[in-house]
Amino acid sequence: MSIEYVPVSEGEQDEPIELPTEEDGSLLLSTVAAQFAGASGLKYRAGGRLRGLRLVDERLSPPSDGWAAHRYWCAFPRASPEPAPRPRCSDLIVLGLPWKTGEDAVRDYFTGFGELLMVQVKRDAKTGLSKGFGFIKFAEYESQLRALGRRHMIDGRWCDVRIPNGKDGGASAHRKVFVGRCTENLTAEDLREYFGAFGQVTDVFVPRPFRAFSFVTFLDPEVAQSLCGQDHIIKGVSVNISTASPKRERGARGSQLLGWGLVEGGGRVFNWAGDAWPQQAAPAPPLDKPYLKYE
DNA sequence: GTTGAGCGTT
């Protein structure tokens with residue numbers, strides 16, 4: 001069989017370019033792609049119907065009645081409807097680890113949620129004793145979602161997994177709502193269950209001793225924002241939902257009008273970018289043994 | 001009784 005020339009166009013209506021076949025009578029897909037970048041195959045019309053050409057090992061086979069009986073145009077891959085880049089995993093902080101828990105136990109536990117890329121338990125440099133928290137990073141975002149969606153019993157103690165402060169680009173400010181008019185019988189579990197119906201809840205904070213409010217953090221800021229301004233009845237209690245204010249901002253909530261750009265606190269003035277929460281500027285002296293009461 | 005605990009020697 002000798003080389004022949006096959007008329008190929010980009011679309012059915014376009015002007016064809018003649019492309020050479022191989023010795024075996026096939027047409028290389030690379031020959032097509034050299035003229036029509038991104039082409040993944042060829043088609044033609046047979047008796048009014050569209051037909052596709054057989055493609056094996058990058059070689060296009062002629063129709064049964066031969067190349068010369070038709071003219072051809074290119075098929076292109078469907079514009080990928082899902083180039084949506086998945087959110088990347090961030091480091092996650094694990095809070096409330098028992099003193100005795102080391103990297104191995106943390107890794108063993110969280111591997112149940114997916115492949116881990118990193119595990120750290122933070123220790124005092126001098127004594128080597130655990131500080132009661134650590135960091136993990138998952139390989140897959142789905143694993144991170146699963147881990148953020150619940151509390152964790154590790155070595156006999158409940159632990160929390162959070163996105164570390166300052167590592168979410170201020171997104172937590174939009175993902176968290178303030179729940180006012182809480183009563184003492186509303187538990188964190190009640191709130192998690194109730195608000196979980198609106199979207200994945202990543203954190204519930206209920207002050208102890210009792211104060212008449214709580215915080216609920218959602219994975220999706222849209223969910224959090226959609227609830228703001230509403231009253232909801234949970235276990236017969238009418239609670240009010242509003243936006244959460246940055247921690248350092250006490251009293252003068254009017255400065256929300258300034259977009260949270262500049263805030264006074266504790267006799268100092270703090271400044272931070274965009275809507276990020278302020279880093280702790282005057283950290284309370286850390287307790288020597290913050291988890292002692294639980295042990 | 002309506003604004004929060006703890007956050008990484010790189």
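Here is the naming used below: chain letters follow the sequence lines, and residue numbers restart at 1 for every chain. Keep in mind it's a predicted model, so treat the numbers as computed, not measured.
Using a 4.0 Å cut-off, no side-chain N or O of A:K176 falls inside it from OP1 or OP2 of B:dT3.
Put simply, CD1 on A:I93 is 15 Å from P on B:dT10, counting in whole angstrom units. Remark: P of B:dG8 and CD of A:Q120 are 11 Å apart, rounded to the nearest angstrom. In this structure, CZ of A:R157 is placed 15 Å from P of B:dG6, rounded to the nearest angstrom. The separation between A:K137 atom NZ and B:dT10 atom C1' is 14 Å, rounded to whole Å. Atom CD in A:E184 sits about 13 Å away from atom P in B:dT2, given to the nearest Å. At whole-Å resolution of the value, CG in A:L191 and P in B:dT2 are 16 Å apart. The NZ-P distance, from A:K131 to B:dG8, rounds to 7 Å in whole Å. Atom-to-atom, NE2 of A:H152 to P of B:dG6 comes out at 20 Å; the value is rounded to the nearest Å.
Nucleic acid contact class of A:A212 (heavy atoms, under 4.0 Å, all strands): sugar-phosphate only. Heavy atoms of A:R181 sit under 4.0 angstrom from at least one base atom. If you check every strand for non-hydrogen atoms under 4.0 Å, A:P164 touches a base.
For A:F178 and A:F215, the distance between ring centers is under 6.0 angstrom. Side-chain rings of A:Y72 and A:W67 approach one another, their centers coming within less than 6.0 Å.
Comparing A:R208 and A:F178, the nucleotide of DNA chain B nearest to each residue sits closer to the 5' end for A:F178.
Taking the 5.5 Å centre cut-off and the 30° plane limit, the aromatic side chain of A:F213 is not classed as stacked on B:dT2. The side-chain ring of A:F135 is stacked on the base of B:dG8, judged by centre separation under 5.5 angstrom and plane angle under 30 degrees.
Relative ring orientation between A:H70 and A:Y44 is described as tilted, the plane-to-plane angle lying within the 30° to 60° band. Using cut-offs of 30° and 60° for the angle between ring planes, the A:Y109 and A:F113 rings count as tilted.
Side chain of A:L95, nearest nucleotide from B:dT3, B:dG8, B:dC7: B:dC7. In this structure, the nucleotide among B:dG6, B:dT2, B:dT3 sitting nearest to the side chain of A:N240 is B:dT2.
A:E193 has its side chain out of reach of A:L191: every pair of non-hydrogen atoms, C-beta onward, lies at least 4.5 Å apart.
Not a single donor-acceptor contact under 3.5 angstrom links the side-chain atoms of A:K122 to the base of B:dG6.
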